[in-house]
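The basis for the numbers below is simple: all heavy atoms, side chains too, and nothing from hydrogens, waters or symmetry mates. Per chain, numbering begins at 1; letters A, B, ... match sequence-line order.
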Amino acid sequence: MRIATWNINSVRLRQDMVKRFMAEHQPDVLCLQETKTPDELFPRDAFLSLGYKHQHIHGMKGYNGVAILSRIPLTNLSIERWAGKDDCRHIYATLPDKTELHCLYVPAGGDIPDVALNEKFAHKLTLLDELSGWWKNKSAHETRKILVGDLNIAPLEHDVWSHKQLLDVVSHTPIEVEKLGHLQKSNGWYDAVRHFVPADQKLYSWWSYRAGDWAASNRGRRLDHIWCSKPLISSLKSTKILREARGWEPKPSDHVPVIVDFA
DNA sequence: ATGGTAGCGTAGCTA
């Protein structure tokens, strides 16, 4: 069972790139973030011929938007709304073995890491708090669940190119790392990617568009994650972060696909 | 300390 997640930064602009990824890497389920399109304009048909006929999409005009594209049946298609907004950041569905799969897009949070000065940062922290409370209340840590998405936080020292230089930069501040830790604790979530890659090794899934030469400067961050609940840890088989996709022509996303294989 | 690029949609917001 191959699960993949990718912040695609416009699914309409990059639908051929999504198809390339599907053809070359054969995910059973692909979760997308930042689809940036209302549901009626989502290119559903483009993915049907490759076998992704089970589709759970939830988008809006211009911003955000999430999608689950699957070759295996999805049931209980659900949408959640957080922090008093209806901004298309969280959907989930049930896989045939009853595993609940969540596709999440956490707000980037703006530039200033201060809730008093920056309401986008406050929104980010509020959403994380609400999600933590939600899973805590469910208290069903022993059920099979997978959480994937652009969480817009790089929690570990080697999830960023320079821990010291990014301590005040939104995505790697101590308060965000703490909130993400609470989220992880709320359901006993386990980092399925770091399971395979030791914490002292650099690992990135995003490189800014603003760098002159992203590959040469290599100032990346690991913002995209795949987590699983405890019962799935023993099924973990392998992982891959598709760095090369950052260079895909003609116009790459600034994020690359993250893949985990489960038995 | 500053400014650098990209997408949507055609100004300015968000990332």
Side-chain angles (χ1 to χ4, degrees), chain A residues 5-21 31-43 46 57-67 81-90 103-115 117-128 148-155 159-162 164-173 175-176 179-180 204-225 243 245-258:
Chain A
T5 181
W6 193 7
N7 178 320
I8 194 62
N9 188 18
S10 175
V11 70
R12 280 185 285 170
L13 191 69
R14 274 183 265 281
Q15 56 185 282
D16 288 344
M17 216 166 268
V18 173
K19 288 166 77 174
R20 173 177 175 182
F21 174 68
C31 297
L32 300 175
Q33 303 84 37
E34 283 208 87
T35 53
K36 293 189 173 178
T37 183
D39 293 348
E40 60 271 21
L41 297 177
F42 191 99
I57 65 176
H58 184 50
M60 59 188 278
K61 185 176 166 181
Y63 302 103
N64 313 327
V66 284
R81 297 170 178 84
W82 301 109
K85 293 179 190 282
D86 191 6
D87 57 354
C88 307
R89 295 182 180 275
H90 183 190
C103 176
L104 179 64
Y105 176 50
V106 173
D111 288 331
I112 306 165
D114 183 330
V115 294
L117 300 176
N118 173 11
E119 63 183 34
K120 291 202 282 280
F121 193 67
H123 175 219
K124 182 177 196 175
L125 299 189
T126 298
L127 184 143
L128 291 167
V148 313
D150 177 3
L151 306 187
N152 264 315
I153 298 173
D159 288 341
V160 294
W161 64 276
S162 169
K164 266 193 173 174
Q165 285 176 259
L166 288 172
L167 275 171
D168 291 324
V169 175
V170 173
S171 73
H172 193 62
T173 64
I175 182 70
E176 291 170 89
K179 297 286 188 191
L180 195 72
Y204 313 138
S205 66
W206 172 89
W207 292 260
S208 173
Y209 282 127
R210 298 179 192 178
D213 183 338
W214 71 272
S217 59
N218 197 28
R219 294 183 169 189
R221 306 178 201 169
R222 187 171 70 111
L223 304 178
D224 304 275
H225 299 269
R243 186 183 204 270
R246 183 60 180 79
W248 278 2
E249 297 292 341
K251 291 157 86 65
S253 171
D254 47 353
H255 296 251
V256 300
V258 178

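In this entry the distance linking CG of Asp87(A) with C1' of dC13(B) reads 14 Å, nearest Å. Rounded to a whole Å, the NZ atom of Lys36(A) is 10 Å from the C1' atom of dC13(B). Atom CD1 of Ile8(A) is separated from atom P of dA15(B) by 18 Å (rounded to the nearest Å). The CG-P distance, from Asn64(A) to dA15(B), rounds to 7 Å in whole Å. Put simply, NZ on Lys124(A) is 15 Å from P on dT14(B), counting in whole angstrom units. Between the CH2 atom of Trp206(A) and the C1' atom of dT14(B) there is a distance of 13 Å, given to the nearest Å. Distance Met60(A) CE to dG9(B) C1': 14 Å, rounded to the nearest Å. With rounding to whole Å, Lys120(A) atom NZ is found 8 Å from dC13(B) atom C1'.
The aromatic rings of Trp248(A) and Phe21(A) lie tilted to each other, with the angle between the two planes from 30° to 60°.
An OP1 or OP2 oxygen of dG7(B) is reached within less than 4.0 angstrom by a side-chain nitrogen or oxygen of Arg14(A). The phosphate of dT5(B) has neither OP1 nor OP2 within less than 4.0 Å of any side-chain N or O from Ser208(A).
Distance from the side chain of Lys61(A) is smallest for dG9(B) among the nucleotides dA15(B), dG7(B), dG9(B). Nearest to the side chain of Ala108(A), among dA15(B), dG9(B), dC8(B), sits dA15(B). The Arg210(A) side chain lies nearest to dA15(B) when the options are dA15(B), dG9(B), dG7(B).
Only the P atoms considered, dT5(B) is 23 Å distant from dT10(B), to the nearest whole Å. Taking atom P on both nucleotides, dC13(B) is separated from dG9(B) by 16 Å, rounded to a whole Å. dG7(B) sits 14 Å from dA11(B) when the C1' atoms are compared, rounded to a whole Å. With both ends at atom C1', the span from dG3(B) to dC8(B) equals 22 Å, rounded to whole Å. With both ends at atom C1', the span from dG4(B) to dA15(B) equals 14 Å, rounded to whole Å.
One N or O on the side chain of Lys124(A) and one on the backbone of Asn152(A) form a donor-acceptor pair closer than 3.5 Å.
Both Tyr209(A) and Asp150(A) sit near DNA chain B, but only Tyr209(A) has its closest nucleotide nearer the 5' end. Residue whose closest nucleotide on DNA chain B sits further toward the 5' end, between Val11(A) and Gly110(A): Val11(A).
Between the side chains of Glu176(A) and Ser171(A), no donor-acceptor pair of N or O atoms lies under 3.5 Å.
No more than 12 heavy-atom neighbours from other residues, nucleotides or ligands sit within 6.0 angstrom of CG on Asp168(A). Counting heavy atoms of neighbouring residues, nucleotides and ligands inside a 6.0 Å radius, atom CG of Asp111(A) does not exceed 12 of them.
What you find for Pro43(A) and Arg12(A) is that their closest heavy atoms are CD-CG, 4.1 Å.
Within 4.0 Å of Arg221(A), counting heavy atoms only, lies no atom of the nucleic acid at all.
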